[in-house]
There are 2 protein chains.
Amino acid sequence: MVTMLDVARCAGVSKSTVSRVLNGKDVVREEVKALVYKAIAETGYRPNLLAQQLATKKSSLIGLVITNAVYNGPFFSTLVYNAAKFCEAHDHRLIFADGKQSDEEEMNAIDFLVRMKCAGVMVYARHIPAPQLAKIISESPVPIIVLNQQLAASPDHAVFIDHYRGSEIMMDYLQAQGHRRIAYIRGKMPSPSNMARQQAWQDKLVASGVDDSDALLAQGDWSMESGYRAAQALLAGGQRFSAVLAANDDMALGAIKALKEQGLAVPEAMSVAGFDNANVGRFFTPALTTLDIPIEQMIQTAVERILNTNNDPACTALCGTLVVRESVGRCASEE
Amino acid sequence: MVTMLDVARCAGVSKSTVSRVLNGKDVVREEVKALVYKAIAETGYRPNLLAQQLATKKSSLIGLVITNAVYNGPFFSTLVYNAAKFCEAHDHRLIFADGKQSDEEEMNAIDFLVRMKCAGVMVYARHIPAPQLAKIISESPVPIIVLNQQLAASPDHAVFIDHYRGSEIMMDYLQAQGHRRIAYIRGKMPSPSNMARQQAWQDKLVASGVDDSDALLAQGDWSMESGYRAAQALLAGGQRFSAVLAANDDMALGAIKALKEQGLAVPEAMSVAGFDNANVGRFFTPALTTLDIPIEQMIQTAVERILNTNNDPACTALCGTLVVRESVGRCASEE
DNA sequence: CTGAAAGCGCTAACAA
DNA sequence: TTGTTAGCGCTTTCAG
């Protein structure tokens, strides 16, 4: 392991001089500079970032904690991709810790990142309860930004999407197509996005006079497989409904599969819609009607908040935009 | 920022004692231990991992470099998910650096991770040429494992999948179904997996007497969108073919969409197959016939190689297994 | 413009 | 069993 001292000796100067030419802060004589660069090349020196960060107390890392519950969705790749992208756009690197499946693991993950002296950490939490989150935020020496979740206690530490409003938009569309009895497949609980979406669904149903919404609710776990089974369960339940709204695209896609298998053409006999605007939805037959979620903006805002380049509170009010494709049709059965 | 010294003072002991109780290595008197724990709780002390790693020269980080060219595929989530999983199974954390779109960026990413003193780094490279990679490996102070690419120069630093063999398996199946003129949609170059798959496709075609394989080749970039367009181009080309093989599932799915739009039923009028066994393929109509790639095993081997818990050279010989579903049928047209 | 020396927060001999 | 002392590799005063 070649250190700065080795380079210094090789160049016949002191450690501090080497440090200076590397950081370009102080002024160093050109000839000396050349000498140092030559020594660096000869020795194959690579600065140790741990030592550097320890000395400067500055970090080039931004942490991200995600539950692996969302690992299989398209949501995950988009999130990670954009997180990496924006971090690097600001000369930082993304460091990643798995929140696994429990609040304890999620806390561990956050703790690890904080102790790694990240400049900040983004948390896509599924298990830590809000008050606990608020406590972590207030006690943390570095900014902690909570993703996809509203935090009353510290709004500027949360970047979220208004899933309730998004779900309303979708329900309005469905109802405008004449659907009244709309079934809902929810994701695994607890999940803020699911809760909000489900609530809007129920509220809209009630507002339109459907009062047995419970009978139209099915349970999934975000996976296609679970959407497939949830749709089967719904069908088996014997309830009347003309549309199925799933809490994400994957489940919607699974549901379509199940409906088709039962001889129900989509959208002719049954309409289906999802959330997230997963890439694959466009290539399905029928192409999936969905709600596009501005993940990219959310992450960008989070990163900028961490690095203090963004103070725009408006960014927390995202709600998504409807993407109309083929999987929703007009309601056939007049009720 | 509360340091170990603060804790020591608070407990009325020395730094080393605190360090000892924290690491549990040396024996410390129970009462002193209690004192220290109390002090830790009171001060809210969190060990600084940078300092710790600098002092011990041990790291709990494993790096991963990926080109963002693969970010949108299902390949990506599986890779990252499993990488995180196996790292954590071995008490390490995954740290992530974007290889972006050039060899220079990929080298930067590797360099960063090495300088962060990772225990090792896994590289899913798309741009750095093999000889360069070999050089990096030989000069690196920590193990560098190249993913998904054969490396003649240093076989024990490469964990790859035999894509040529995998493609042969698929071609054998297609030909067994009676297909002779099989079109191929390739991914963006350069890509070792694509090159191998394409070569096997061509060799098999030639072996079966088809000598104008060039006319049956279309260019994609791994995305569904590109598969869609490639299939359109193939159709527009006016060539006869009864099956389309795409270098990955996403392109295969895109191709199916285009074929359907042209009134070609899959698999009745045209067969389609892909590679990777993306989750979504199962829920498509028709469900996609594909080749399952043992990504999980590949990553596991890589992580274990880095941590020296695996010396089994057999693990480098993975080739994947055929997953027969509905998108390939018997060739209708006798030629 | 450059070098000496102290310090970042922790660990690890070595003594006591 | 515990404290003292030197580092780990880098930055950063402070002198010169």
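Order of the sequence lines fixes the chain letters, A, B, ..., with proteins taken first and strands second; residue numbering starts at 1 for each chain. Predicted model, so just to flag it, every value in this text is computed and none were measured.
Looking at residues two or more places apart in sequence or on another chain, you find no salt bridge (charged side-chain N to carboxylate O under 4.0 Å, His left out) involving Lys117(B). Every residue was checked against the salt bridge (charged side-chain N to carboxylate O under 4.0 Å, His left out) condition with Glu304(B), not counting sequence neighbours, and none meets it. In this structure Ser16(A) satisfies the side-chain contact (heavy atoms from CB on, under 4.5 Å) test together with Ser14(A), Arg20(A), sequence neighbours excluded. Under the rule for a salt bridge (charged side-chain N to carboxylate O under 4.0 Å, His left out), the partners of Glu296(B) that lie at least two apart in sequence or sit in another chain are Lys85(B). Residues that satisfy the side-chain contact (heavy atoms from CB on, under 4.5 Å) test with Asn23(B), not counting sequence neighbours, are Ser19(B), Lys25(B).
Met1(B) has its CE atom 11 Å from the C1' atom of dC8(C), to the nearest Å. Residue Lys117(B) contributes atom NZ, which lies 17 Å from atom C1' of dC10(C) at whole-angstrom precision.
In plain terms, the two heavy atoms of Gly120(A) and Ile306(A) that are nearest each other are CA-CG2, 3.7 Å. For Met116(B) against Leu61(A), the heavy-atom pair with the smallest separation is CE-CD2, 3.6 Å. Smallest separation of non-hydrogen atoms from Ser60(B) and Phe112(A): OG-CE1, 3.9 Å.
With salt bridges taken as basic N to acidic carboxylate O contacts below 4.0 Å, one links Arg46(A) and Asp111(B).
Note that CD1 of Ile66(B) and CD of Glu106(B) are 10.5 Å apart. Values are rounded to the nearest 0.5 Å.
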For nucleotides 1-4 of chain C, give me every protein contact, N/O to N/O, under 3.5 Å, one pair per line with atom names.
residue	atom	partner	partner atom	Å
dT2(C)	OP1	Arg29(A)	NE	3.1
dT2(C)	OP1	Arg29(A)	NH2	3.1
dT2(C)	OP2	Arg29(A)	N	2.8
dG3(C)	OP2	Ser14(A)	N	3.1
dG3(C)	OP2	Ser14(A)	OG	3.3
dG3(C)	OP2	Thr17(A)	OG1	2.5
dG3(C)	N7	Arg20(A)	NH2	2.6
dG3(C)	O6	Arg20(A)	NH1	3.1
dG3(C)	O6	Arg20(A)	NH2	3.3
dA4(C)	N6	Ser16(A)	OG	3.0

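End-to-end axis angle for the helix from dC1(C)-dG16(D) to dA16(C)-dT1(D), using five pairs per end and rounding to 10°, comes out at 40°.
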Which pairs of donor and acceptor atoms, one on a side chain in residues 3-13 of chain B, lie under 3.5 Å apart (sequence neighbours left out)?
residue	atom	partner	partner atom	Å
Thr3(B)	OG1	Leu5(B)	N	3.1
Asp6(B)	OD2	Thr3(B)	N	2.7

Can you give each donor-acceptor pair under 3.5 Å made by side-chain atoms of residues 139-153 of chain B, sequence neighbours left out, with the distance rounded to 0.1 Å?
residue	atom	partner	partner atom	Å
Ser140(B)	OG	Val142(B)	N	3.0
Ser140(B)	OG	Val142(B)	O	2.5
Asn148(B)	OD1	His163(B)	NE2	2.6
Asn148(B)	ND2	Tyr124(B)	OH	3.1

Give the table of side-chain donor-acceptor pairs shorter than 3.5 Å for residues 88-96 of chain A, with sequence neighbours excluded, one pair per line with atom names and distance.
residue	atom	partner	partner atom	Å
Glu88(A)	OE2	Arg93(A)	NH1	3.2
Glu88(A)	OE2	Asp98(B)	N	3.1

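Protein chain B contacts DNA chain D from dT1(D) to dG9(D), reading 5' to 3' and using non-hydrogen atoms of the protein with a distance under 4.0 Å.
Near-neighbour residues of DNA chain D inside residues 35-57 of chain B, defined by a heavy atom below 4.0 Å, number-ordered: Leu54(B), Ala55(B), Lys57(B).
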